[in-house]
Amino acid sequence: LCMNGDDNPILDNASITGIRLGLEDGGNLLWVDATDVTEDQLHQSNAVNLELQITAPLQGDEIVQRSFPGTFQLRNRAQ
């Protein structure tokens with residue numbers, strides 16, 4: 001995982017595996033995959049959910065993978 005196109009990782013063996021945007025729909029929050037969101041939905045989103053996947057080698061050929069989701073509210077956005 002790198003920042004701003006830099007080739008130096010800030011977290012080894014990590015990648016973003018999911019980005020979903022939260023949209024209000026009749027009082028509920030509807031999660032839409034970022035690849036499927038329209039331009040209007042992008043501007044109307046109230047939250048973003050990111051999922052990181054961390055991969056770590058164990059002994060031998062074993063690898064352990066863990067996913068870490070996080071949800072962030074988008075506040076005080078200029079319209």
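Nothing fancy with the numbering, it's 1 onward along the sequence.
Here the closest heavy-atom approach between residue Pro57 and residue Asn13 is recorded as CD-ND2, 4.5 Å. The two atoms that bring Ser45 and Leu23 nearest to each other are CA-CD2, 3.6 Å, heavy atoms only.
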Could you give the side-chain donor-acceptor pairs of residues 26-33 under 3.5 Å, partners two or more places apart or in another chain?
| residue | atom | partner | partner atom | Å |
| --- | --- | --- | --- | --- |
| Asp33 | OD1 | Thr35 | N | 3.0 |
| Asp33 | OD1 | Thr35 | OG1 | 2.6 |

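Considering only heavy atoms from C-beta on, Ile19 comes within 4.5 Å of Leu50 through its side chain.
Applying the salt bridge (charged side-chain N to carboxylate O under 4.0 Å, His left out) rule to pairs touching residues 65-74 yields nothing, sequence neighbours excluded. Applying the salt bridge (charged side-chain N to carboxylate O under 4.0 Å, His left out) rule to pairs touching residues 40-56 yields Arg20-Glu51, sequence neighbours excluded.
To the nearest 0.5 angstrom, Thr38 atom OG1 is 7.0 Å from Gln44 atom CD.
Placement of Ile16 and Leu74 within a single hydrophobic cluster is found when ILVMFWY residues are connected by side-chain heavy-atom separations under 4.5 Å, directly or transitively.
The only option from Asp36, Asn49, Leu42, Asn46 that meets the side chain to side chain contact (heavy atoms under 4.5 Å, CB included) definition with Leu21 turns out to be Leu42.
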